[in-house]
Amino acid sequence: MGYSKSGQNAQGILTRLYSRAFIMAEPDGSNRTVFVSIDIGMVSQRLRLEVLNRLQSKYGSLYRRDNVILSGTHTHSGPAGYFQYTVFVVASEGFSNRTFQHMVTGILKSIDIAHTNMKPGKIFINKGNVDGVQINRSPYSYLQNPQSERARYSSNTDKEMVVLKMVDLNGDDLGLISWFAIHPVSMNNSNHLVNSDNVGYASYLLEQEKNKGYLPGQGPFVAAFASSNLGDVSPNILGPHCINTGESCDNANSTCPIGGSNMCIAMGPGRDMFDSTQIIGRAMYQRAKELYASASQEVTGPLASAHQWVDMTNVTVWLNSTHTAKTCKPALGYSFAAGTIDGVGGLNFTQGKTEGDPFWDTIRNQILGKPSEEIKECHKPKPILLHTGELSKPHPWHPDIVDVQIITLGSLAITAIPGEFTTMSGRRLREAVQAEFASHGMQNMTVVISGLCNVYTHYITTYEEYQAQRYEAASTIYGPHTLSAYIQLFRNLAKAIATDTVANLSRGPEPPFFQQLIVPLISNIVDRAPTGRTFGDVLQPAKPEYRVGEVVEVIFVGANPKNSAQNQTHQTFLTVEKYEATSTSWQTVCNDACWETRFYWHKGLLGLSNATMEWHIPDTAQPGIYRIRYFGHNRKQDILKPAVILSFEGTSPTFEVVTT
């Protein structure tokens with residue numbers, strides 16, 4: 001989920017995706033807040049509603065819509081299919097209940113673990129810049145902002161990382177939350193392996209360091225690298241170049257002289273996307289580690305939270321004391337179809353289009369009907385490609401009801417943003433919310449933007465950036481005054497918290513929960529092994545001997561990895577195991593959550609498939625005897641009987657790792 005690229009389906013695993021939950025409570029345990037950072041593209045409304053329902057049935061009124069923030073890290077290499085609005089259902093090629101239920105269960109499990117593990121402790125806050133990991137991917141939009149405003153900032157991206165350090169009363173480490181604005185798109189749209197991208201790699205490095213002797217995803221210390229105002233921020237720091245000629249295409253339309261916009265792609269600093277992911281992730285990890293180590297400012301004071309559901313299609317925005325404007329029914333502009341320099345759209349649309357195209361308009365009108373004059377007028381200068389707010393079959397195409405939410409921990413305010421704010425949008429919101437708190441007696445609040453929370457509504461640019469109609473502006477679905485509306489709404493929440501009038505806030509209109517969503521067209525078929533073979537048999541063993549830095553590869557008779565979601569006998573698809581002579585036993589040194597392992601699933605015909613396990617031997621590997629094991633599940637169905645899921649495993653012959 002993320003690039004909306006047809007054919008970019010999952011074919012294996014580079015790393016596991018995690019939900020990381022943090023519960024903060026006042027000493028008597030009454031007032032609580034929950035912040036959850038999840039290794040997925042974004043939190044969908046359906047996901048949030050289902051998680052809240054299940055929290056209520058388990059914990060009553062302890063964890064609620066106002067005090068629980070669910071935030072996606074925005075990795076573009078996680079599964080799709082957990083949405084209910086038609087645009088996202090179509091982009092996901094269906095709603096997958098299996099994926100959805102698995103995500104809900106995982107998020108709840110992380111909250112349950114945090115709930116059980118609560119202990120008295122302290123929180124410290126620290127801030128510092130991270131250099132050399134971001135560029136603004138729409139600099140021409142940014143330049144539309146007033147010169148006087150731009151002059152106040154040294155960069156066209158926000159370089160500041162905010163870190164929360166959590167320790168127990170003995171000063172022992174418990175966890176970290178970092179907020180930093182960067183797109184997790186170091187892994188590009190040619191990738192087919194599930195992974196958590198650059199921010200996930202930062203989490204991985206810090207957790208591995210603090211949880212010595214544990215496999216990834218295990219151990220007491222939890223490090224979340226959460227998303228922020230990343231709307232126009234790319235980690236592909238070499239910038240946009242024409243992949244056919246090598247020349248720069250850093251122009252207002254991101255196009256190349258030969259091949260147009262499809263050739264204009266930004267590259268990361270590494271030799272390939274895996275390397276780039278690690279370079280960018282490592283830099284974030286290093287900085288977070290420094291800020292964590294030197295954090296000395298304690299966060300003290302009461303906890304509070306405020307939440308409203310708002311009909312974002314109908315907000316009256318006060319531009320000044322005499323003039324108002326309104327938000328619009330949702331719509332996507334032409335440049336939405338262009339994609340970005342991090343992942344092009346493929347149909348040769350260009351960014352920065354302020355005129356429609358009769359060809360595409362006609363096709364749209366034939367299939368979906370014409371957009372109304374009202375919606376066209378409201379969104380100007382955006383030329384409307386998809387009038388999603390006027391399309392409701394089989395279900396509405398975009399949300400009308402959106403969450404706005406703030407949690408405060410003493411002098412820290414976390415704003416839960418339902419989408420992707422650009423750099424300048426984030427700056428304006430932070431400033432406005434901080435000023436609102438200050439005007440009601442809460443001085444010097446640190447305001448953090450937490451991105452991709454609660455419901456996905458694409459992008460939010462400034463009014464000025466909107467005029468340029470690059471990708472981010474074309475994807476600002478509620479029209480040119482979207483940001484002003486959010487600023488007004490979040491100021492209202494801040495005021496309620498500061499004046500202790502949260503109880504008087506209206507709940508707002510409840511969002512819908514649709515039934516009968518379009519299901520994926522991929523059918524569940526029975527797995528088959530080749531004649532004379534069984535699942536887990538080794539088709540290609542490893543070589544007898546390897547050196548550090550080489551890649552071990554073993555191919556097994558495979559089965560569809562989706563089966564493992566339904567029958568969780570094994571928690572990993574693979575292990576790398578080392579023989580310990582002293583205990584005459586095999587010790588697991590790595591599983592499928594390690595960055596040095598890769599699990600590829602190759603789908604053949606009629607239920608046949610292979611599983612390839614790779615181990616990229618790290619410098620830290622000890623010499624010795626090793627083996628690789630495969631754990632899977634196959635779907636079996638006898639005539640006139642229901643299908644059953646059976647577990648199997650396979651073990652490679654041993655191989656030796658020798659020192660050079």
**Asked** Are any of the side-chain nitrogens in R32 or E26 under 4.0 Å away from the carboxylate oxygens of its partner?
**Response** no
**Min side-chain heavy-atom separation V315-V310 under 4.5 Å** = yes
**Request:** Decide, yes or no, whether a salt bridge links E374 with K329 under the criterion of side-chain N to carboxylate O below 4.0 Å.
**Result:** no
**Prompt:** Would you say the side-chain atoms of Y471 and D342 include a donor-acceptor pair closer than 3.5 Å?
**Reply:** no
**Request:** Not counting sequence neighbours, list each pair that qualifies as a side chain to side chain donor-acceptor pair (under 3.5 Å) and has a residue in residues 477-495.
**Result:** E436-R491
**Asked** How are the rings of H183 and Y459 set to each other: parallel, tilted or perpendicular (split at 30° and 60°)?
**Response** parallel
**Message:** Looking at R152 and E149, is there a salt bridge between them, counting it only when a charged N and a carboxylate O are closer than 4.0 Å?
**Reply:** no
**Asked** Does the side chain of T157 come under 3.5 Å of the side chain of Q134 through a donor N or O and an acceptor N or O?
**Response** yes
**Asked** Are a donor atom and an acceptor atom from the side chains of Y142 and E465 found within less than 3.5 Å of each other?
**Response** no
**Asked** Within a reach of under 6.0 Å around CG of D500, are more than 12 heavy atoms found that belong to other residues, nucleotides or ligands?
**Response** no
**Message:** Could you tell me if E390 and S372 have a donor-acceptor pair between their side chains, going purely by distance under 3.5 Å?
**Reply:** yes
**Request:** Enter the distance from F124:CZ to K165:NZ here, rounded to the nearest 0.5 Å.
**Result:** 7.0 Å
**Asked** Y82 and H102: side-chain donor and acceptor closer than 3.5 Å?
**Response** no
**Asked** Going by the angle between their ring planes, with limits at 30° and 60°, are W309 and H307 parallel, tilted or perpendicular?
**Response** perpendicular
**Prompt:** With a 4.5 Å limit on heavy-atom distance, are the side chains of P520 and E93 in contact?
**Reply:** no
**Item:** F514 six-ring centre to R46 NZ/CZ under 6.0 Å and within 45° of normal
**Value:** no
**Closest non-hydrogen atom pair, G72 against S227** = O-OG, 2.8 Å
**Request:** Using a strict cut-off of less than 4.0 Å between a Lys/Arg side-chain nitrogen and an Asp/Glu carboxylate oxygen, indicate whether R428 and E431 qualify as a salt bridge.
**Result:** no
**Request:** Locate the shortest heavy-atom distance separating I111 from L55; write the atom from each residue and the value.
**Result:** CG2-CD2, 3.9 Å
**Request:** Using distance alone, with no hydrogens and no angle criterion, decide if H398 and H458 have a side-chain donor and acceptor under 3.5 Å apart.
**Result:** yes
**Message:** Tell me whether the rings of F88 and F83 are parallel (<30°), tilted (30 to 60°) or perpendicular (>60°).
**Reply:** tilted
**Prompt:** Does a side-chain heavy-atom distance below 4.5 Å link V455 with P418?
**Reply:** yes
**Item:** No-hydrogen, no-angle side-chain donor-acceptor test under 3.5 Å, T75 and T73
**Value:** no
**Item:** Test item: side-chain donor near acceptor, T462 and N145, under 3.5 Å
**Value:** yes
**Request:** Return the minimal non-hydrogen interatomic distance between S57 and R54, and the atom names on each side.
**Result:** OG-O, 3.1 Å
**Request:** Answer yes or no: is there an ion pair linking D361 with R364, defined by an N-O contact shorter than 4.0 Å?
**Result:** yes
**Prompt:** Are R470 and D232 close enough for a salt bridge, meaning some N to O gap below 4.0 Å?
**Reply:** no
